[in-house]
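We count ligands from 1, going down the list as the structure has it; atoms in each ligand are counted the same way. No hydrogens, no waters, no symmetry mates; every other heavy atom, side chains included, goes into these values.
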Amino acid sequence: MSEAREIKEQTGKLGVLMPGMGAVATTFVAGVELIKKGHAEPVGSLTQLGTIRLGKRTENRVPKVKEFVPFSEMDDLVFGGWDAFPDGAYDAAVLAGVLEKEHLNAVREELKEVKPFPAVFDERWVAKLPATHTKSYGSLREAAEQVGEDIRSFKEENGLERAVMVNCASTEAYAQPQKAHFSLEAFEEALDRSDPAISPAMIYAYAAIQEGVPYANGAPSLAADVPALVELADENEVPVAGKDFKTGQTLMKTVVAPGLKARMLGLEGWYSTNILGNRDGEVLDDEKSLKSKEVSKLSVLQSILNPEKNPELYGNISHVVNINYYPPRGDSKEGWDNIDIFGWLGYAMQIKINFLARDSILAAPIVLDLALFLDLAERAGMSGIQEWLSFYFKSPMTLPELYPENDLFIQQMKLKNTLRAIKGEDLITHLGLDYYE
Ligand SMILES: NC(=O)c1ccc[n+]([C@@H]2O[C@H](COP(=O)([O-])OP(=O)(O)OC[C@H]3O[C@@H](n4cnc5c(N)ncnc54)[C@H](O)[C@@H]3O)[C@@H](O)[C@H]2O)c1
């Protein structure tokens with residue numbers, strides 16, 4: 001049993017700040033308001049519905065996660081953010097077309113109150129948006145200072161002591177860490193000279209971490225996952241996590257692949273294709289943003305199957321991911337997976353998955369869980385990379401010397417054991433021999 005951490009009480013309200021108030025962000029906010037009014041259940045949310053086993057199976061101690069660790073109540077959440085368009089959350093939600101009129105009208109007033117600050121926007125990073133609601137600044141340093149001011153004024157206006165940030169903005173052009181990102185000193189110099197290597201997503205992350213606001217990245221854009229911002233998070237003792245919400249096709253991939261691996265079934269190829277028609281899809285219709293998403297989606301199989309250890313099963317996998325913008329579908333994404341596997345004596349078999357998903361319906365509860373878990377981490381004195389939140393991401397952040405865990409079940413165990421460790425409970429190993437000895 002580890003020693004329980006001291007967890008500060010969750011007094012007062014918690015601000016949830018979102019760069020990008022489009023389909024995901026507004027579906028999250030509307031959902032919380034509807035749930036508060038008793039119109040719906042928080043389906044898909046581990047913090048609200050999940051349970052956690054404690055101690056031995058003979059003890060029958062299985063509380064709800066939210067009874068085990070102290071979270072803010074949904075009534076205590078206050079929403080804000082930034083967007084490249086001036087629409088309040090109601091108009092943005094109508095435009096996103098995810099929720100039915102009947103649902104939106106039931107929380108119309110609450111949504112109308114949520115208005116975005118102007119965005120830090122640069123069309124070099126998101127090409128397909130005719131942005132109209134943007135900040136003007138001299139240097140990128142000034143842009144970061146303006147975001148910092150927004151955070152402070154949001155907290156002050158709403159009487160908040162605590163806030164978290166979850167990035168829900170459009171996917172930016174693909175970028176890899178480079179010189180300007182390698183140390184905090186280099187990053188700050190790059191801010192001063194407005195180096196084109198610094199993206200808007202990094203500015204929001206930098207400002208949040210500077211303000212002591214825990215940060216999670218729901219987009220595949222490069223942001224807090226650069227050494228400079230991890231250094232800042234460690235220095236300022238701020239929790240960070242990312243990136244790219246694991247929702248539809250990749251969620252299924254990280255459920256099925258561990259199953260094949262567990263039974264030592266071989267894999268020859270995995271062909272994944274998607275059609276989606278929302279604004280996210282429109283942004284991804286640009287080659288540079290598409291690359292960020294494809295890289296994020298492609299990364300998961302290698303670490304789950306570990307081909308070096310089993311070249312006879314996974315040494316020659318053809319993994320293809322396609323994303324196609326198809327407007328008639330709106331937010332209702334359709335994903336097809338064709339999985340070519342082989343079994344005993346190399347005999348071939350196929351698995352087909354056709355997931356008729358709803359993108360933002362899958363992502364919204366993740367925003368809620370991340371907001372509550374990040375705030376818990378902060379109150380429990382945890383800082384820097386929160387690898388235990390890998391459960392929610394396609395490309396989990398880890399220390400550079402560690403490979404990421406992408407297997408959903410390992411991620412779940414990591415998350416729940418972290419909660420047990422925070423509370424000083426025994427970790428669960430599932431050994432079970434002691435019951436029989
Ligand atoms: N829905 C899912 O299942 C899912 C899963 C994984 C990741 N994501 C990611 O979440 C993000 C949001 O998805 P969505 O469906 O809500 O997209 P969306 O297009 O509906 O919303 C994104 C919003 O971000 C705004 N924006 C763009 N650049 C900005 C900037 N620099 N600052 C502030 N706002 C900015 C846009 O104006 C838009 O309103 C995307 O990056 C997407 O790839 C979504």
### Query
Does a salt bridge link Glu405 with Lys414, judged by any charged N lying under 4.0 Å from a carboxylate O?
no
### Task
Using atom types as modelled and distance alone, determine if a side-chain donor or acceptor of Gln386 lies under 3.5 Å from a backbone N or O of Val240.
no
### Atoms in ligand 1 with a heavy atom of Leu129 nearer than 4.0 Å
27 (C), 36 (C), 37 (O)
### Summary
If you compare Ala169, Ser221, Gly20, Ala357 by their heavy atoms, the one closest to atom 11 (C) of ligand 1 turns out to be Ala169
### Task
May I ask you to check whether Lys394 has an N/O atom sitting below 3.5 Å from an N/O atom of ligand 1?
no
### Message
Considering non-hydrogen atoms of the protein only, which is the closest contact for atom 19 (O) of ligand 1, and what is the distance?
### Response
Arg279 CB, 3.2 Å
### Query
Which of these, Ser199, Ser170, Ser360, Ala93, has its nearest heavy atom closest to atom 26 (N) of ligand 1?
Ser170
### Query
Is it true that Gly248 lies under 4.0 Å from ligand 1, counting heavy atoms only?
no
### Task
For Asn417 and Ile428, indicate whether the former's side chain and the latter's backbone hold a donor-acceptor pair under 3.5 Å.
yes
## Note on the structure
shortest atom 9 (C) of ligand 1-to-protein heavy-atom contact is with Gly218 O, 3.6 Å
### Task
Check ligand 1 against Ala219 and write out every atom of the ligand that is under 4.0 Å from a heavy-atom position of the residue.
41 (O)
### Task
Return yes or no for this condition: an N or O of Asp359 is under 3.5 Å from an N or O of ligand 1.
yes
### Six-ring centre of Phe391, Lys246 cation under 6.0 angstrom, axis tolerance 45°
no
### Query
For ligand 1, is Pro116 a contact, meaning one of its heavy atoms is under 4.0 Å away?
no
### Query
What atoms in ligand 1 come closer than 4.0 Å to a heavy atom of Phe85?
37 (O)
### Summary
re atom 21 (O) of ligand 1, the protein heavy-atom contact at minimum distance is Gly22 CA, 3.3 Å
### Task
Could you find the nearest protein heavy atom to atom 12 (C) of ligand 1 and give me its residue, atom name and distance?
Cys168 O, 3.1 Å
### Query
Contact between Ala96 and ligand 1, counting heavy atoms under 4.0 Å?
no
### Proximal atoms of ligand 1 relative to Pro200 (non-hydrogen, under 4.0 Å)
31 (N)
### Task
State whether the shortest distance between N or O atoms of Asp331 and N or O atoms of ligand 1 falls below 3.5 angstrom.
no
### Message
Salt bridge or not between Lys36 and Glu33? Use side-chain N to carboxylate O under 4.0 Å.
### Response
yes
### atom 25 (C) of ligand 1 - nearest protein heavy atom and its distance
Asp83 OD2, 3.2 Å
### Message
With no hydrogens and no angle check, just 3.5 Å: does a side-chain donor-acceptor pair link Glu334 and Asn274?
### Response
no
### Query
Should the pair Phe79 and Phe28 be assigned to parallel (<30°), tilted (30 to 60°) or perpendicular (>60°) ring geometry?
perpendicular
#### Entry: For Trp82, atoms of ligand 1 separated by under 4.0 Å from a heavy atom
33 (C), 34 (N)
### Mutual orientation of the aromatic rings belonging to Trp388 and Phe373 [parallel < 30°, tilted 30-60°, perpendicular > 60°]
perpendicular
### Query
Which of the numbered atoms in ligand 1 are below 4.0 angstrom from a heavy atom of Thr247?
2 (C), 3 (O), 5 (C)
### Message
With a 4.0 Å cut-off on N to O distance, would you call Lys352 and Asp337 a salt bridge?
### Response
no
### Query
For Phe187, what residues pass the ring-ring contact (aromatic ring centres under 6.0 Å, His included) criterion, not counting sequence neighbours?
Tyr206
### Message
Does this structure show an ion pair linking Asp331 with Arg358, if we count only N-O contacts that are shorter than 4.0 Å?
### Response
no
### Query
Are any of the side-chain nitrogens in Arg152 or Glu211 under 4.0 Å away from the carboxylate oxygens of its partner?
yes
### Task
For ligand 1, indicate whether the residue Ala92 contacts it via side chain, backbone, both or neither (heavy-atom separation under 4.0 Å).
neither
### Task
Just jot down the ligand 1 atoms closer than 4.0 angstrom to any heavy atom of Ala363, in number order.
1 (N), 2 (C), 3 (O)
### Task
Report yes if Ala23 has an N/O atom closer than 3.5 Å to an N/O atom of ligand 1; otherwise report no.
yes
### Query
Below 4.0 Å from any atom of ligand 1, is there a heavy atom belonging to Tyr204?
yes
### Message
Applying the side chain to side chain contact (heavy atoms under 4.5 Å, CB included) criterion to Phe68, which one of Ile422, Val62, Leu419 satisfies it?
### Response
Leu419
### Query
What residue and atom, counting heavy atoms only, is the protein's closest point to atom 15 (O) of ligand 1, and at what distance?
Asp280 CB, 3.5 Å
### Message
Below 30° counts as parallel, above 60° as perpendicular, anything between as tilted: where do the rings of Phe117 and Trp82 land?
### Response
tilted
### Lys/Arg-Asp/Glu bridge criterion (N-O < 4.0 Å) met for Asp359, Arg329
no
### Query
Within the structure, does Val24 bring an N/O atom to less than 3.5 angstrom of an N/O atom in ligand 1?
yes
### Task
Could you tell me if any non-hydrogen atom of Asp244 lies under 4.0 Å from any atom of ligand 1?
yes
### Task
For Val120, take its heavy atoms, then give the atoms of ligand 1 lying under 4.0 Å from any of them.
30 (C), 31 (N), 32 (N)
### Query
Is the backbone of Phe71 close enough, under 3.5 Å, to the side chain of Gln10 for a donor and an acceptor to pair up by distance?
yes
